[in-house]
Amino acid sequence: MPELPEVESIAARLRSGNAQSPPLLGARILSARVFWQRSVAEPPAEIFVQRLQGQTICEIRRRGKFLVCELEGLTLLVHLRMSGDLWMEPSSQPVAAHCRVALSLDSGYRLTFHDPRKFGRMWLLEDPERVLGELGPEPFDPGLTSEAFFEKLSSVRRRLKSLLLDQRFLAGLGNIYTDEALHCAGLHPLTLSAQVSPSQAERLLACIRAVLAEGIRRSGASIDWVYRGGDFQNYFRVYRRTGLPCPTCGAPIRRILLGQRGTHFCPQCQVLPS
DNA sequence: CACGAGACCTGTTCGC
DNA sequence: TGCGAACAGGTCTCGT
């Protein structure tokens, strides 16, 4: 599921809480349970459980698609991959069917790591930079100027779609927002990064930011049975709209396979340069 | 260096 | 209705 806007929305919800549940921020962990060992990447599950006990959640933020929880001298990282979600529920409630990790809190609530496909991972680290250090810049980093972005695009020779999905190049984009950003910028997903002009690079960066900002404003996208929260799925221009008219020009949206990922674009607005 | 295929997983939807 | 295939928000590893 979650790309940058979804993780940002989840982080915001866990920070402040809502009408149904108190914030995760400031809560103390009474105990942790792991129901699927491989959901914990590091350390081994028994140690993970031991070290979490008694820790207080001091800060909650996002880096790329990672949720970052600062504890007392330790950092809990969560990556939701395809089907993961995090929510708070009363501790008295039975544990959900696809709950992989549960943290019982002193607020009487439980943080549930729900993940039907079991691709998601948690890390408990003294130095989170060991994992986060691999990531490229944040899309909204003011230091990422259009000139710098153009230089980055020129420095490699890759198809735009696969490059934008590469978290070492830019952190946070996934399949939805990449397709939407390329459509917004009028660039074909197979365009080689080194062929992009400075003005096209500027436009692409602006589109990436615009599409992510819209996603955040709508609290992310909810598709299928995974993640319920936002409504950005009602505003997709190309993603999962194969055969439907392009909102810009009316041509039917086309779907191709690129690196095993469904890729959606408008054949009229996004032309591949020869 | 860059790409595709396969692996990791389960659930839903589609086509016959 | 039933059943298999296709598909799904991600990332890693391996072979070419």
Side-chain angles (χ1 to χ4, degrees), chain A residues 1-11 35-42 62-67 77-87 96-101 113-123 130-136 139 152-182 189-195 208 211-212 214-216 218-236 238-243 255-264:
Chain A
M1 162 199 56
E3 307 180 26
L4 187 154
E6 288 76 30
V7 180
E8 186 72 45
S9 303
I10 291 171
F35 300 100
W36 182 257
Q37 302 274 326
R38 299 190 61 179
S39 296
V40 179
E42 207 182 322
R62 178 198 59 74
R63 172 78 172 96
K65 300 176 193 170
F66 286 86
L67 186 87
L77 297 180
V78 186
H79 197 303
L80 301 167
R81 295 277 178 94
M82 293 285 266
S83 64
D85 199 357
L86 282 171
W87 66 65
H98 302 294
C99 174
R100 308 307 178 194
V101 178
F113 176 39
H114 186 262
D115 185 23
R117 290 181 71 180
K118 301 178 176 171
F119 289 161
R121 293 289 180 269
M122 287 181 154
W123 294 254
R130 264 182 41 227
V131 173
L132 301 179
E134 298 295 312
L135 295 174
K152 277 171 69 67
L153 289 170
S154 310
S155 68
V156 283
R157 201 177 165 75
R158 308 236 334 243
R159 294 159 171 169
L160 285 180
K161 166 98 187 209
S162 5
L163 185 59
L164 294 179
L165 285 176
D166 187 339
Q167 302 299 298
R168 290 165 305 188
F169 181 78
L170 190 65
L173 286 179
N175 215 26
I176 296 176
Y177 295 91
T178 299
D179 282 4
E180 294 295 322
L182 287 172
L190 295 176
T191 308
L192 287 177
S193 56
Q195 311 243 157
I208 290 169
V211 160
L212 289 174
E214 189 186 359
I216 292 170
R218 303 196 183 281
S219 304
S222 317
I223 306 179
D224 299 338
W225 81 107
V226 189
Y227 180 73
R228 309 243 59 94
D231 66 341
F232 184 55
Q233 71 279 6
N234 299 323
Y235 302 89
F236 291 163
V238 287
Y239 184 75
R240 286 218 196 172
R241 289 178 48 83
T242 312
R255 177 182 184 276
I256 57 172
L257 223 47
L258 208 169
Q260 313 293 84
R261 312 302 303 277
T263 298
H264 314 76

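Protein chains get the first letters and strands the later ones, always in sequence-line order, with residue 1 at the start of each.
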Open item on the list: Just to be sure I understand: a Watson-Crick pair is purine N1 to pyrimidine N3 plus N6-O4 or O6-N4, both under 3.5 Å. Using that and G-U wobbles, which stems of three or more pairs involve DNA chain B?
Closed with: B:2-8 with C:10-16, B:10-16 with C:2-8

Task: Atom pair CD/OG1 of A:Glu3 and A:Thr178 - distance to nearest 0.5 Å - done: 6.5 Å

- [ ] Using the P atoms only, state how far B:dC14 lies from C:dG9, rounded to an integer number of Å.
- [x] 15 Å

Task: Where protein sits on nucleotides 11-16 of chain C, one letter per nucleotide: B base, S sugar-phosphate only, - none, heavy atoms under 4.0 Å - done: B-----

Open item on the list: Under 4.0 Å, counting only non-hydrogen atoms across every strand here, what does A:Ser222 touch: a base, just sugar-phosphate, or nothing?
Closed with: base

Task: Backbone N/O of A:Arg117 and side chain of A:Ser83: donor-acceptor pair under 3.5 Å - done: yes

TODO: Summarise protein proximity over nucleotides 11-16 of chain B in one line of letters, 5' to 3': B for base, S for sugar-phosphate only, - for none, counting protein heavy atoms closer than 4.0 Å.
DONE: SS----

Task: Length of the CG-P vector between A:Leu164 and C:dG9, whole Å - done: 16 Å

Open item on the list: Just to verify, what does A:Phe119 make a ring pair (Phe, Tyr, Trp, His ring centres under 6.0 Å) with, not counting sequence neighbours?
Closed with: none

Open item on the list: Using atom P in both nucleotides, what's the gap between C:dA5 and B:dG6 to the nearest angstrom?
Closed with: 15 Å

TODO: Supply the atom-to-atom distance A:Tyr239 OH to A:Gln233 CD, rounded to the nearest 0.5 angstrom.
DONE: 11.5 Å

Open item on the list: Please determine whether a side-chain nitrogen or oxygen atom of A:Lys118 lies at a distance below 4.0 Å from atom OP1 or OP2 of B:dC8.
Closed with: no

- [ ] Can you sort out the partners of A:Arg62 under side-chain hydrogen bond (donor to acceptor under 3.5 Å, both in side chains), two or more places apart, ordered by chain and number?
- [x] A:Glu8, A:Glu138

Task: Rounded distance [0.5 Å steps], CG in A:Leu163 versus NZ in A:Lys152 - done: 8.0 Å

TODO: Let me know the distance between CZ of A:Arg241 and C1' of C:dG9, rounded to the nearest Å.
DONE: 18 Å

TODO: For B:dC9 and C:dC7, measure between their C1' atoms and round to the nearest Å.
DONE: 14 Å

Task: Length of the CD1-P vector between A:Ile223 and C:dG9, whole Å - done: 7 Å

- [ ] Look at the side chain of A:Gln167 and the backbone N and O of A:Leu165, then say whether any donor-acceptor pair between them is shorter than 3.5 Å.
- [x] yes

TODO: Sequence neighbours left out, what passes side chain to side chain contact (heavy atoms under 4.5 Å, CB included) with A:Ala194? Give chain and number order.
DONE: A:Arg157

- [ ] Mind checking ring pair (Phe, Tyr, Trp, His ring centres under 6.0 Å) for A:Tyr177 and listing every partner two or more places apart, or none if nothing turns up?
- [x] A:Phe232

Open item on the list: Using atom P in both nucleotides, what's the gap between C:dA6 and B:dA5 to the nearest angstrom?
Closed with: 14 Å

Task: Separation of A:Arg218 CZ from A:Tyr235 OH (nearest 0.5 Å) - done: 4.0 Å

TODO: Measure from CZ on A:Arg121 to C1' on B:dC8 and round the result to the nearest Å.
DONE: 8 Å

Task: Atom-pair distance (NE2 on A:His264; C1' on C:dC7), nearest Å - done: 10 Å

TODO: Please name all residues satisfying ring pair (Phe, Tyr, Trp, His ring centres under 6.0 Å) with A:His114, sequence neighbours left out, ordered by chain then number.
DONE: A:Trp87, A:His98

- [ ] Would you please name every residue forming a side-chain hydrogen bond (donor to acceptor under 3.5 Å, both in side chains) with A:Asp231, sequence neighbours left out?
- [x] none

Task: Nucleotide B:dC9, atom P - distance to CG of A:Asp115 in whole Å - done: 11 Å

- [ ] Identify whether any heavy atom of A:Arg255 sits under 4.0 Å from a base atom; if not, whether one sits that close to sugar-phosphate; answer base, sugar-phosphate or nothing.
- [x] sugar-phosphate

Task: Rounded distance in Å - NE2 (A:His114) to P (C:dG9) - done: 19 Å

Open item on the list: Taking side-chain hydrogen bond (donor to acceptor under 3.5 Å, both in side chains) as the definition, give me every residue that meets it alongside A:Lys161, ordered by chain and number, with sequence neighbours left out.
Closed with: A:Asn175, A:Asp179, A:Thr263

Task: Test side-chain hydrogen bond (donor to acceptor under 3.5 Å, both in side chains) applied to A:Arg241 - qualifying residues, sequence neighbours left out - done: none

- [ ] Give A:Phe236 one of three labels, base, sugar-phosphate or nothing, depending on what nucleic acid heavy atoms sit under 4.0 Å from its own.
- [x] nothing

Open item on the list: Return the CG to CZ distance between A:Leu80 and A:Arg121, rounded to the nearest 0.5 Å.
Closed with: 12.0 Å

Can you pull every protein N or O that's under 3.5 Å from an N or O on nucleotides 2-4 of chain B?
from, atom 1, to, atom 2, distance (Å)
B:dA2, OP1, A:Arg157, N, 2.9
B:dC3, OP1, A:Arg159, N, 3.1
B:dC3, OP2, A:Arg158, NE, 3.0
B:dC3, O3', A:Arg159, NH1, 3.2
B:dG4, OP1, A:Arg159, NH1, 2.7
B:dG4, OP2, A:Arg159, NH1, 3.4

